[in-house]
Visitor: 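Dropping a structure here in structure tokens format, bear with me for questions.
Computed from a prediction, not measured in an experiment: that's the story for all the values here.
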Amino acid sequence: MLFVTLPVQDLPASRAFYEALGFSVNQHSSDEHTAAVVLDDNIVVRLLVRDAFADLVAGDVADPAHHPTVVHSLTVPDRADVDELVAKAVAAGSRPGVPAPEDASTHTGSFTDPDGHAWQALWMDQLHVVN
């Protein structure tokens, strides 16, 4: 499994954003300081209030809205799913991300969550992906 922990300013707003994208929250692993957003059976995004996140890292907690350091990419089953996920994100208050180049074997869309964490939705034509 992969657990990605993200610092958030407003836990209820961040939780609502990810739920609006269609993801569920594991109530057993969530409380007033964290929400465990289940992206799939093997990927969980832990939304953690900034003060609690600061206890996990050395140094200052960066603000991803001003200094993004990572782009989280999720593969989706087809091209339409890319556009649908980005549309849901924008409808939930996201900013659309940087337009990605498109070719015959990929289709990408991007957005940020309420805290500025960058996300991509990516479809890849498995027949044209080079190993």
Side-chain angles (χ1 to χ4, degrees):
M1 291 186 73
L2 175 66
F3 293 88
V4 176
T5 303
L6 303 177
V8 299
Q9 291 284 352
D10 182 341
L11 183 60
S14 294
R15 179 181 170 146
F17 174 80
Y18 286 95
E19 289 176 319
L21 297 182
F23 300 118
S24 65
V25 173
N26 179 323
Q27 299 299 334
H28 180 71
S29 299
S30 301
D31 59 26
E32 67 276 2
H33 302 290
T34 188
V37 179
V38 180
L39 301 190
D40 75 14
D41 290 341
N42 295 307
I43 304 171
V44 175
V45 173
R46 275 183 70 216
L47 305 174
L48 194 58
V49 295
R50 291 180 67 81
D51 290 344
F53 186 90
D55 292 338
L56 297 177
V57 297
D60 295 332
V61 177
D63 182 349
H66 296 101
H67 304 287
T69 59
V70 65
V71 176
H72 307 90
S73 296
L74 296 172
T75 58
V76 295
D78 62 50
R79 289 175 178 270
D81 292 331
V82 169
D83 299 332
E84 181 181 338
L85 186 59
V86 172
K88 284 180 181 179
V90 170
S94 168
R95 293 185 325 245
V98 177
E102 184 174 332
D103 59 41
S105 63
T106 63
H107 179 64
T108 305
S110 60
F111 57 89
T112 59
D113 73 4
D115 290 279
H117 299 288
W119 287 90
Q120 278 187 336
L122 171 65
W123 169 82
M124 296 183 294
D125 181 351
Q126 296 300 316
L127 297 176
H128 294 100
V129 174
V130 177
N131 290 329

Visitor: Rounded at 0.5 Å granularity, tell me how far CG in Asp40 sits from CG in Leu74.
Guide: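 Separation between the atoms: 8.5 Å.
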
Visitor: Supply the atom-to-atom distance Leu122 CG to Thr108 OG1, rounded to the nearest 0.5 angstrom.
Guide: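 One gets 4.5 Å once the value is rounded to the nearest 0.5 Å.
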
Visitor: If Ile, Leu, Val, Met, Phe, Trp and Tyr residues are connected whenever their side-chain heavy atoms lie under 4.5 Å apart, and connections chain through other members, are Val4 and Val38 in the same group?
Guide: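 Each belongs to a different hydrophobic cluster.
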
Visitor: Evaluate side-chain contact (heavy atoms from CB on, under 4.5 Å) for Leu47 paired with Thr34, printing each intermediate quantity in order.
Guide: CA-CA 5 Å; Leu47 305 174; Thr34 188; 5.6 Å; no

Visitor: Same cluster or not: are Val45 and Val86 linked, directly or through other Ile, Leu, Val, Met, Phe, Trp or Tyr residues, by side-chain heavy atoms under 4.5 angstrom apart?
Guide: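 Same hydrophobic cluster.
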
Visitor: Is there a path of hydrophobic side-chain contacts, each under 4.5 Å between heavy atoms of I, L, V, M, F, W or Y residues, that connects Phe111 with Val76?
Guide: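 No, Phe111 and Val76 fall in different hydrophobic clusters.
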
Visitor: Rounded at 0.5 Å granularity, tell me how far CZ in Phe3 sits from CG in Asn42.
Guide: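 CG of Asn42 is found 9.5 Å from CZ of Phe3.
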
Visitor: For atom CZ of Arg50, is the number of surrounding heavy atoms from other residues, nucleotides or ligands below 6.0 Å larger than 12?
Guide: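 Result for CZ/Arg50: enclosed.
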
Visitor: Considering non-hydrogen atoms only, spot the tightest contact between Ala118 and Val70 and give its length.
Guide: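 Minimum heavy-atom separation between Ala118 and Val70: CB-O, 3.8 Å.
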
Visitor: So if you build clusters from Ile, Leu, Val, Met, Phe, Trp, Tyr with side-chain heavy-atom gaps below 4.5 Å, do Val25 and Val8 land together?
Guide: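 Yes; tracing contacts between hydrophobic side chains, which count when under 4.5 Å, links both residues.
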
Visitor: Below 4.5 Å, heavy atoms only, C-beta onward: do Met1 and Val44 meet side chain to side chain?
Guide: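 Answer yes - side chains close enough.
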
Visitor: Mind checking the OG1-NE2 spacing from Thr112 to His72? Nearest 0.5 Å is all I need.
Guide: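 Thr112 atom OG1 to His72 atom NE2 measures 12.5 Å (nearest 0.5 Å).
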
Visitor: Could you check Leu48 against Leu56 for side-chain contact (heavy atoms from CB on, under 4.5 Å), going step by step and ending with a plain yes or no?
Guide: CA-CA 10 Å; Leu48 194 58; Leu56 297 177; 3.5 Å; yes

Visitor: Taking Ala36's backbone N and O only, do any of them form a donor-acceptor pair with Ser30's side chain (distance below 3.5 Å, no angle check)?
Guide: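 Here the side-chain-to-backbone pair exists.
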
Visitor: Please indicate whether Asp60 has more than 12 foreign heavy atoms, meaning atoms of other residues, nucleotides or ligands, lying under 6.0 Å from its CG.
Guide: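 No.
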
Visitor: In Å, rounded to the nearest 0.5 Å, how long is the span from NE2 of His117 to CG of Asp63?
Guide: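 If we round to the nearest 0.5 Å, His117:NE2 and Asp63:CG are 8.5 Å apart.
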
Visitor: Roughly how far, to the nearest 0.5 Å, is OG1 of Thr106 from CG of Asp125?
Guide: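 If I round to the nearest 0.5 Å, the distance is 9.5 Å.
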
Visitor: Can you get from Met124 to Leu85 by hopping between Ile, Leu, Val, Met, Phe, Trp and Tyr side chains that sit under 4.5 Å apart?
Guide: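 No; Leu85 is not reachable from Met124 via cluster members.
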
Visitor: State, with a plain yes or no, whether a side-chain heavy atom of Val71 is found less than 4.5 Å away from one of Trp119.
Guide: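 They are not in contact (no side-chain heavy atoms under 4.5 Å apart), so the answer is no.
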
Visitor: What is the minimum heavy-atom distance between Phe17 and Ala89, and which atoms define it?
Guide: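 Looking at all heavy atoms of both residues, the closest pair is CE1-O, 3.6 Å.
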
Visitor: Do His107 and Trp123 have ring centroids that are under 6.0 Å from one another?
Guide: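 Between His107 and Trp123, which both carry aromatic rings, the centre distance is not below 6.0 Å.
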
Visitor: List the atom of Asp115, the atom of Ser14, and the distance in Å for their closest heavy-atom pair.
Guide: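 Taking every non-hydrogen atom into account, OD2-OG, 2.9 Å.
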
